[in-house]
Amino acid sequence: MQVRSDQLPQQLARGLKPLYVVHGDEPLLAQEAGDAVRAAARAAGYSEREVFTVSGAHFDWSGVLGAAQSMGLFGDQKLIEIRIPSGKPGKDGSAALQQYCDLLPEGVLTLVHLPRLDRQQLQGAWFQALERVGVSVRVDPIERAQLPAWITQRLAAQGQRLPAGEAGQQALAFFADRVEGNLLAAHQELQKLALLYPGGELSFEQIEEAVLDVARFDVFKLGTAVLAGQAGRALRMLDGLKAEGEAAVLVHWTLADDIRALARVRAAMDEGKPLPMALREARVWGEKERLFERVLPGLDGAKAQALVAAASVCDGLVKGLRHPDWPEDAWDGLRRLVLMTLDAVAAPPRRGQPAPAPLTLRA
(Lines give C-alpha, C1' and ligand atoms only; values in the text may rest on other atoms or scores of the structure.)
Protein backbone atom coordinates (compact mmCIF):
# COMPACT_ATOMS: atom_id res chain seq x y z
CA MET A 1 0.00 0.00 0.00
CA GLN A 2 1.30 3.46 -0.88
CA VAL A 3 0.33 6.64 0.99
CA ARG A 4 1.60 10.21 1.08
CA SER A 5 3.10 11.53 4.28
CA ASP A 6 0.03 13.73 4.92
CA GLN A 7 -2.20 10.62 4.63
CA LEU A 8 -0.24 8.61 7.21
CA PRO A 9 -2.13 9.80 10.35
CA GLN A 10 -5.47 8.70 8.87
CA GLN A 11 -4.00 5.32 7.92
CA LEU A 12 -2.54 4.79 11.39
CA ALA A 13 -5.90 5.66 12.96
CA ARG A 14 -7.49 2.79 11.04
CA GLY A 15 -5.12 0.26 12.59
CA LEU A 16 -1.45 -0.67 12.42
CA LYS A 17 0.05 -2.63 9.55
CA PRO A 18 2.98 -4.97 10.32
CA LEU A 19 5.51 -2.87 8.39
CA TYR A 20 6.05 0.76 7.35
CA VAL A 21 8.58 2.09 4.85
CA VAL A 22 9.40 5.81 4.93
CA HIS A 23 11.40 6.96 1.90
CA GLY A 24 12.34 10.43 0.67
CA ASP A 25 14.82 13.27 1.05
CA GLU A 26 12.77 15.74 3.10
CA PRO A 27 14.23 15.36 6.64
CA LEU A 28 11.41 17.09 8.53
CA LEU A 29 8.58 15.11 6.93
CA ALA A 30 10.52 11.84 7.16
CA GLN A 31 11.17 12.48 10.84
CA GLU A 32 7.53 13.32 11.48
CA ALA A 33 6.37 10.18 9.64
CA GLY A 34 8.71 8.02 11.75
CA ASP A 35 7.55 9.75 14.94
CA ALA A 36 3.92 9.10 14.01
CA VAL A 37 4.58 5.37 13.52
CA ARG A 38 6.52 5.15 16.80
CA ALA A 39 3.77 6.97 18.72
CA ALA A 40 1.10 4.66 17.29
CA ALA A 41 3.25 1.64 18.17
CA ARG A 42 3.65 2.77 21.80
CA ALA A 43 -0.08 3.37 22.08
CA ALA A 44 -0.70 -0.15 20.77
CA GLY A 45 1.59 -1.75 23.36
CA TYR A 46 4.85 -2.16 21.44
CA SER A 47 7.08 -1.52 24.44
CA GLU A 48 10.41 -2.86 23.11
CA ARG A 49 12.47 -1.26 20.35
CA GLU A 50 15.53 -2.39 18.42
CA VAL A 51 17.33 -0.27 15.83
CA PHE A 52 19.60 -1.58 13.06
CA THR A 53 21.61 0.72 10.77
CA VAL A 54 22.83 -0.88 7.55
CA SER A 55 26.35 0.53 7.35
CA GLY A 56 27.57 -1.08 4.14
CA ALA A 57 27.77 -4.11 1.90
CA HIS A 58 29.21 -6.26 4.71
CA PHE A 59 26.38 -5.65 7.15
CA ASP A 60 25.34 -8.80 9.02
CA TRP A 61 21.65 -9.29 8.31
CA SER A 62 21.38 -12.31 10.61
CA GLY A 63 20.85 -9.98 13.58
CA VAL A 64 17.82 -8.41 11.90
CA LEU A 65 16.33 -11.78 11.00
CA GLY A 66 16.99 -13.06 14.50
CA ALA A 67 15.42 -10.04 16.17
CA ALA A 68 12.21 -10.55 14.21
CA GLN A 69 11.95 -14.15 15.41
CA SER A 70 12.81 -13.59 19.09
CA MET A 71 10.23 -12.24 21.50
CA GLY A 72 11.09 -10.03 24.47
CA LEU A 73 11.84 -11.30 27.94
CA PHE A 74 8.23 -10.88 28.98
CA GLY A 75 6.69 -11.60 25.60
CA ASP A 76 6.22 -7.90 24.86
CA GLN A 77 5.43 -6.65 21.42
CA LYS A 78 8.48 -5.25 19.63
CA LEU A 79 9.23 -2.38 17.23
CA ILE A 80 12.18 -3.03 14.91
CA GLU A 81 13.66 -0.12 12.96
CA ILE A 82 15.88 -0.77 9.95
CA ARG A 83 17.77 2.25 8.63
CA ILE A 84 19.42 2.03 5.20
CA PRO A 85 21.00 5.47 4.61
CA SER A 86 22.35 4.56 1.16
CA GLY A 87 19.06 3.11 -0.07
CA LYS A 88 21.05 0.11 -1.38
CA PRO A 89 20.80 -3.02 0.76
CA GLY A 90 23.00 -4.98 -1.68
CA LYS A 91 22.51 -8.52 -2.91
CA ASP A 92 22.59 -10.11 0.54
CA GLY A 93 20.38 -7.39 1.98
CA SER A 94 17.86 -7.77 -0.82
CA ALA A 95 17.56 -11.50 -0.11
CA ALA A 96 17.40 -10.88 3.65
CA LEU A 97 14.64 -8.30 3.35
CA GLN A 98 12.56 -10.61 1.20
CA GLN A 99 13.06 -13.41 3.71
CA TYR A 100 12.23 -11.01 6.54
CA CYS A 101 8.91 -10.14 4.89
CA ASP A 102 8.05 -13.83 4.40
CA LEU A 103 8.78 -14.72 8.05
CA LEU A 104 7.42 -11.62 9.79
CA PRO A 105 5.67 -12.94 12.95
CA GLU A 106 2.86 -11.57 15.06
CA GLY A 107 3.87 -9.08 17.72
CA VAL A 108 6.55 -7.40 15.60
CA LEU A 109 6.12 -4.00 13.95
CA THR A 110 8.82 -2.92 11.52
CA LEU A 111 9.79 0.60 10.45
CA VAL A 112 12.22 0.91 7.52
CA HIS A 113 13.94 4.25 6.82
CA LEU A 114 15.21 4.95 3.30
CA PRO A 115 16.38 8.02 1.34
CA ARG A 116 14.82 9.02 -1.95
CA LEU A 117 14.79 6.04 -4.29
CA ASP A 118 15.15 6.01 -8.04
CA ARG A 119 12.85 4.11 -10.38
CA GLN A 120 15.08 1.03 -10.48
CA GLN A 121 15.21 0.81 -6.69
CA LEU A 122 11.44 1.22 -6.39
CA GLN A 123 11.01 -1.71 -8.76
CA GLY A 124 13.53 -3.90 -6.94
CA ALA A 125 12.33 -7.20 -5.53
CA TRP A 126 13.27 -6.21 -1.98
CA PHE A 127 11.27 -2.96 -2.08
CA GLN A 128 8.30 -4.67 -3.71
CA ALA A 129 8.36 -7.24 -0.88
CA LEU A 130 8.28 -4.46 1.73
CA GLU A 131 5.32 -2.79 0.01
CA ARG A 132 3.49 -6.10 -0.27
CA VAL A 133 3.38 -6.69 3.50
CA GLY A 134 3.13 -3.10 4.70
CA VAL A 135 2.66 0.58 3.95
CA SER A 136 5.00 2.67 1.83
CA VAL A 137 5.14 6.34 2.88
CA ARG A 138 6.64 8.54 0.17
CA VAL A 139 8.04 11.80 1.52
CA ASP A 140 8.10 14.42 -1.25
CA PRO A 141 9.67 17.88 -0.87
CA ILE A 142 7.35 20.85 -0.42
CA GLU A 143 7.90 22.96 -3.52
CA ARG A 144 7.67 26.76 -3.55
CA ALA A 145 4.15 26.75 -4.98
CA GLN A 146 2.99 24.46 -2.15
CA LEU A 147 4.65 26.38 0.67
CA PRO A 148 1.88 28.94 1.37
CA ALA A 149 -0.72 26.20 1.87
CA TRP A 150 1.72 24.20 4.03
CA ILE A 151 2.49 27.24 6.18
CA THR A 152 -1.21 28.04 6.55
CA GLN A 153 -1.93 24.47 7.65
CA ARG A 154 0.89 24.48 10.19
CA LEU A 155 -0.18 27.84 11.60
CA ALA A 156 -3.73 26.56 12.00
CA ALA A 157 -2.44 23.50 13.88
CA GLN A 158 -0.85 25.80 16.47
CA GLY A 159 -3.92 28.05 16.71
CA GLN A 160 -2.67 30.92 14.56
CA ARG A 161 -3.73 32.39 11.24
CA LEU A 162 -2.96 35.20 8.82
CA PRO A 163 -5.33 37.98 7.77
CA ALA A 164 -7.76 37.35 4.95
CA GLY A 165 -7.28 38.99 1.59
CA GLU A 166 -4.23 40.69 0.13
CA ALA A 167 -2.53 41.32 3.48
CA GLY A 168 -2.54 37.63 4.28
CA GLN A 169 -1.28 36.70 0.83
CA GLN A 170 1.60 39.17 1.16
CA ALA A 171 2.53 37.74 4.55
CA LEU A 172 2.46 34.19 3.16
CA ALA A 173 4.61 35.16 0.18
CA PHE A 174 7.09 36.91 2.49
CA PHE A 175 7.25 33.84 4.76
CA ALA A 176 7.60 31.38 1.87
CA ASP A 177 10.37 33.40 0.20
CA ARG A 178 12.46 33.26 3.36
CA VAL A 179 12.16 29.53 4.05
CA GLU A 180 12.10 28.10 0.53
CA GLY A 181 14.08 24.88 0.24
CA ASN A 182 14.66 24.62 4.01
CA LEU A 183 11.65 22.95 5.59
CA LEU A 184 13.40 22.22 8.89
CA ALA A 185 14.11 25.92 9.29
CA ALA A 186 10.52 26.72 8.27
CA HIS A 187 9.32 24.44 11.07
CA GLN A 188 11.58 26.26 13.53
CA GLU A 189 10.27 29.65 12.39
CA LEU A 190 6.70 28.43 12.89
CA GLN A 191 7.57 27.23 16.39
CA LYS A 192 9.11 30.63 17.09
CA LEU A 193 5.85 32.34 16.09
CA ALA A 194 3.96 30.05 18.48
CA LEU A 195 6.27 31.09 21.33
CA LEU A 196 6.29 34.82 20.53
CA TYR A 197 2.61 35.41 19.88
CA PRO A 198 -0.65 34.07 21.32
CA GLY A 199 -3.20 32.19 19.27
CA GLY A 200 -5.23 34.18 16.80
CA GLU A 201 -4.44 36.39 13.84
CA LEU A 202 -0.86 37.40 13.03
CA SER A 203 -0.08 40.64 11.25
CA PHE A 204 2.37 41.09 8.39
CA GLU A 205 4.54 43.19 10.72
CA GLN A 206 4.77 40.33 13.22
CA ILE A 207 5.76 37.89 10.46
CA GLU A 208 8.32 40.33 9.06
CA GLU A 209 9.88 40.92 12.46
CA ALA A 210 10.07 37.28 13.52
CA VAL A 211 10.88 35.22 10.41
CA LEU A 212 14.53 35.02 9.44
CA ASP A 213 15.80 34.61 5.88
CA VAL A 214 16.83 30.93 5.98
CA ALA A 215 16.02 29.95 2.41
CA ARG A 216 18.24 27.45 0.63
CA PHE A 217 18.24 27.14 -3.12
CA ASP A 218 18.81 24.29 -5.53
CA VAL A 219 20.96 25.34 -8.48
CA PHE A 220 18.89 23.17 -10.81
CA LYS A 221 15.72 25.06 -9.89
CA LEU A 222 17.26 28.36 -10.95
CA GLY A 223 16.71 27.51 -14.63
CA THR A 224 13.11 26.61 -13.90
CA ALA A 225 12.50 30.01 -12.30
CA VAL A 226 14.11 31.77 -15.28
CA LEU A 227 12.07 29.83 -17.86
CA ALA A 228 8.92 30.52 -15.85
CA GLY A 229 9.63 34.25 -16.11
CA GLN A 230 9.89 34.65 -12.31
CA ALA A 231 12.39 37.49 -12.35
CA GLY A 232 12.32 38.37 -8.66
CA ARG A 233 12.60 34.76 -7.55
CA ALA A 234 15.35 33.96 -10.07
CA LEU A 235 17.50 36.90 -8.95
CA ARG A 236 16.90 36.07 -5.30
CA MET A 237 17.94 32.47 -5.96
CA LEU A 238 21.09 33.66 -7.75
CA ASP A 239 22.02 35.85 -4.77
CA GLY A 240 21.28 32.96 -2.41
CA LEU A 241 23.44 30.51 -4.35
CA LYS A 242 26.31 32.98 -4.28
CA ALA A 243 25.92 33.49 -0.52
CA GLU A 244 25.83 29.72 0.04
CA GLY A 245 29.17 29.32 -1.77
CA GLU A 246 27.83 27.49 -4.81
CA ALA A 247 30.34 27.20 -7.67
CA ALA A 248 29.74 29.81 -10.38
CA VAL A 249 30.78 27.22 -12.97
CA LEU A 250 27.91 24.91 -11.95
CA VAL A 251 25.38 27.77 -11.98
CA HIS A 252 26.54 28.74 -15.47
CA TRP A 253 26.38 25.17 -16.72
CA THR A 254 22.76 24.90 -15.55
CA LEU A 255 21.73 28.12 -17.29
CA ALA A 256 23.73 27.42 -20.46
CA ASP A 257 22.30 23.91 -20.76
CA ASP A 258 18.76 25.33 -20.88
CA ILE A 259 19.80 28.05 -23.32
CA ARG A 260 21.40 25.54 -25.70
CA ALA A 261 18.31 23.34 -25.50
CA LEU A 262 16.09 26.32 -26.34
CA ALA A 263 18.26 27.09 -29.37
CA ARG A 264 18.19 23.48 -30.59
CA VAL A 265 14.42 23.23 -30.30
CA ARG A 266 13.92 26.63 -31.97
CA ALA A 267 16.19 25.59 -34.85
CA ALA A 268 14.31 22.31 -35.28
CA MET A 269 10.98 24.17 -35.33
CA ASP A 270 12.36 26.58 -37.94
CA GLU A 271 13.19 23.54 -40.08
CA GLY A 272 9.52 22.54 -39.98
CA LYS A 273 9.47 20.03 -37.15
CA PRO A 274 6.47 20.12 -34.80
CA LEU A 275 7.21 21.32 -31.28
CA PRO A 276 6.55 17.92 -29.58
CA MET A 277 9.00 16.19 -31.92
CA ALA A 278 11.62 18.92 -31.46
CA LEU A 279 11.30 18.62 -27.66
CA ARG A 280 11.74 14.85 -27.76
CA GLU A 281 14.81 15.11 -29.97
CA ALA A 282 16.31 17.67 -27.59
CA ARG A 283 15.52 15.35 -24.66
CA VAL A 284 13.40 17.93 -22.85
CA TRP A 285 10.99 16.25 -20.45
CA GLY A 286 8.67 16.88 -17.50
CA GLU A 287 8.36 20.38 -16.07
CA LYS A 288 10.97 21.79 -18.46
CA GLU A 289 8.87 20.53 -21.37
CA ARG A 290 5.88 22.58 -20.21
CA LEU A 291 8.04 25.65 -19.70
CA PHE A 292 9.61 25.31 -23.15
CA GLU A 293 6.11 25.08 -24.65
CA ARG A 294 5.32 28.42 -22.99
CA VAL A 295 8.53 30.13 -24.06
CA LEU A 296 9.26 28.94 -27.60
CA PRO A 297 6.34 30.50 -29.51
CA GLY A 298 7.66 33.95 -28.59
CA LEU A 299 11.37 33.14 -29.01
CA ASP A 300 12.74 33.56 -32.51
CA GLY A 301 15.96 32.10 -33.84
CA ALA A 302 17.89 35.37 -33.59
CA LYS A 303 17.08 35.75 -29.88
CA ALA A 304 18.01 32.12 -29.22
CA GLN A 305 21.38 32.49 -30.92
CA ALA A 306 22.05 35.76 -29.07
CA LEU A 307 21.49 33.90 -25.79
CA VAL A 308 23.88 31.13 -26.89
CA ALA A 309 26.52 33.77 -27.68
CA ALA A 310 25.95 35.44 -24.28
CA ALA A 311 26.25 32.08 -22.52
CA SER A 312 29.56 31.52 -24.34
CA VAL A 313 30.92 34.85 -23.10
CA CYS A 314 29.73 34.10 -19.57
CA ASP A 315 31.45 30.71 -19.76
CA GLY A 316 34.73 32.55 -20.14
CA LEU A 317 33.94 34.84 -17.20
CA VAL A 318 33.33 31.99 -14.76
CA LYS A 319 36.64 30.46 -15.88
CA GLY A 320 38.62 33.61 -15.19
CA LEU A 321 38.63 35.29 -18.62
CA ARG A 322 37.58 38.87 -19.32
CA HIS A 323 35.37 40.51 -21.95
CA PRO A 324 35.37 44.25 -22.67
CA ASP A 325 31.57 44.51 -22.76
CA TRP A 326 30.84 42.35 -19.73
CA PRO A 327 31.43 42.76 -15.97
CA GLU A 328 34.66 41.37 -14.60
CA ASP A 329 33.00 39.56 -11.70
CA ALA A 330 31.67 36.11 -12.63
CA TRP A 331 28.51 36.48 -10.51
CA ASP A 332 27.75 39.86 -12.07
CA GLY A 333 28.10 38.14 -15.45
CA LEU A 334 25.71 35.40 -14.37
CA ARG A 335 23.23 38.04 -13.24
CA ARG A 336 23.41 39.67 -16.68
CA LEU A 337 22.88 36.28 -18.36
CA VAL A 338 19.84 35.63 -16.16
CA LEU A 339 18.38 39.05 -17.00
CA MET A 340 18.99 38.57 -20.73
CA THR A 341 17.32 35.17 -20.63
CA LEU A 342 14.36 36.50 -18.66
CA ASP A 343 13.95 39.28 -21.20
CA ALA A 344 14.12 36.85 -24.13
CA VAL A 345 11.63 34.36 -22.72
CA ALA A 346 9.15 36.91 -21.37
CA ALA A 347 5.63 36.00 -22.45
CA PRO A 348 4.22 38.39 -25.06
CA PRO A 349 1.48 40.70 -23.72
CA ARG A 350 -2.11 39.71 -24.20
CA ARG A 351 -4.15 41.63 -26.76
CA GLY A 352 -5.11 45.01 -25.37
CA GLN A 353 -2.34 45.01 -22.74
CA PRO A 354 0.76 47.24 -22.97
CA ALA A 355 4.10 45.54 -23.57
CA PRO A 356 6.19 45.08 -20.41
CA ALA A 357 9.14 47.40 -19.90
CA PRO A 358 12.43 45.81 -20.92
CA LEU A 359 14.66 44.49 -18.15
CA THR A 360 17.69 46.62 -17.30
CA LEU A 361 20.85 44.67 -18.06
CA ARG A 362 23.00 46.11 -15.33
CA ALA A 363 25.44 43.94 -13.45
Side-chain angles (χ1 to χ4, degrees), residues 140-152 166 168-183 185-186 207-208 211 213-244 246 248 250-263 265-266 279 284-299 303-304 306-307 310-311 314 331-350 353-363:
D140 291 320
I142 303 296
E143 300 295 343
R144 174 61 179 81
Q146 301 168 304
L147 261 179
W150 185 85
I151 292 169
T152 299
E166 185 176 351
Q169 294 304 313
Q170 289 178 345
L172 276 175
F174 176 88
F175 199 149
D177 285 344
R178 277 148 184 76
V179 300
E180 180 181 356
N182 196 350
L183 213 59
I207 297 290
E208 186 177 28
V211 177
D213 191 346
V214 290
R216 290 179 182 170
F217 298 113
D218 181 345
V219 63
F220 297 104
K221 292 182 180 178
L222 174 60
T224 300
V226 172
L227 291 172
Q230 300 169 340
R233 181 172 179 238
L235 294 174
R236 187 172 63 253
M237 291 178 76
L238 189 65
D239 290 341
L241 290 167
K242 179 183 178 181
E244 291 170 13
E246 187 59 81
L250 178 59
V251 176
H252 172 267
W253 178 86
T254 304
L255 294 169
D257 190 56
D258 285 341
I259 288 170
R260 288 191 294 267
L262 282 171
V265 176
R266 182 69 263 176
L279 289 170
V284 177
W285 319 106
E287 184 178 11
K288 286 285 178 73
E289 181 179 7
R290 295 188 291 273
L291 292 171
F292 272 46
E293 290 173 346
R294 182 193 76 86
V295 166
L296 283 161
L299 181 70
K303 284 184 179 180
L307 287 178
C314 197
W331 285 96
D332 287 342
L334 288 169
R335 184 180 181 86
R336 173 175 286 192
L337 182 61
V338 166
L339 287 168
M340 291 178 68
T341 309
L342 283 163
D343 192 41
V345 304
R350 295 179 181 176
Q353 291 183 337
L359 292 167
T360 302
L361 303 183
R362 294 178 181 172

Exercise for review: List the atom of Val265, the atom of Leu296, and the distance in Å for their closest heavy-atom pair.
Suggested key: CG1-CD1, 3.3 Å

Check your understanding: Residues two or more places apart in sequence or in another chain: which of them pass side-chain hydrogen bond (donor to acceptor under 3.5 Å, both in side chains) with Asp177?
Key -> Arg144, Arg236

Exercise for review: Please answer whether the main-chain N or O of Val211 pairs with a side-chain N or O of Arg178 as donor and acceptor at a distance below 3.5 Å.
Suggested key: no

Exercise for review: Please identify each residue that fulfils side-chain hydrogen bond (donor to acceptor under 3.5 Å, both in side chains) with Glu143, with sequence neighbours left out.
Suggested key: Lys221

**Study point:** Pairing residues for Gln230 by the side-chain hydrogen bond (donor to acceptor under 3.5 Å, both in side chains) criterion, not counting sequence neighbours
**Key:** Arg233

**Study point:** Pairing residues for Ala248 by the side-chain contact (heavy atoms from CB on, under 4.5 Å) criterion, not counting sequence neighbours
**Key:** Val318, Ala330, Trp331, Leu334

Point to revise | N/O donor-acceptor pair under 3.5 Å between Arg294 side chain and Leu227 backbone | key: yes

Practice item. Taking the side chain as every heavy atom from C-beta outward, state whether Ile207 and Leu172 have any atom pair closer than 4.5 Å. Key: no

Point to revise | Those residues that, when tested against Lys303, pass salt bridge (charged side-chain N to carboxylate O under 4.0 Å, His left out) (two or more places apart) | key: none

Point to revise | Partner set under side-chain hydrogen bond (donor to acceptor under 3.5 Å, both in side chains) for Glu287, not counting sequence neighbours | key: none

Check your understanding: Is the shortest heavy-atom distance from the side chain of Asp239 to the side chain of Arg335 under 4.5 Å?
Key -> yes

Practice item. Please list, chain by chain and in numerical order, all residues satisfying ring pair (Phe, Tyr, Trp, His ring centres under 6.0 Å) with Phe174, sequence neighbours excluded. Key: Phe204

Check your understanding: Is the shortest heavy-atom distance from the side chain of Val226 to the side chain of Asp258 under 4.5 Å?
Key -> no

Revision key, fill the gap. Given the options Leu339, Leu337, Val338, Leu238 meets side chain to side chain contact (heavy atoms under 4.5 Å, CB included) only with Val338

**Study point:** Contacts of type side-chain contact (heavy atoms from CB on, under 4.5 Å), residue Ala261, not counting sequence neighbours
**Key:** Arg264, Val284, Phe292

Review point. Between the main-chain N or O of Phe217 and the side-chain N or O of Glu244, is there a donor-acceptor pair closer than 3.5 Å?
Key: yes

Study note, to complete from the structure: Shortest non-hydrogen pair, Ile259 vs Ala311, comes out as CD1-CB, 4.2 Å

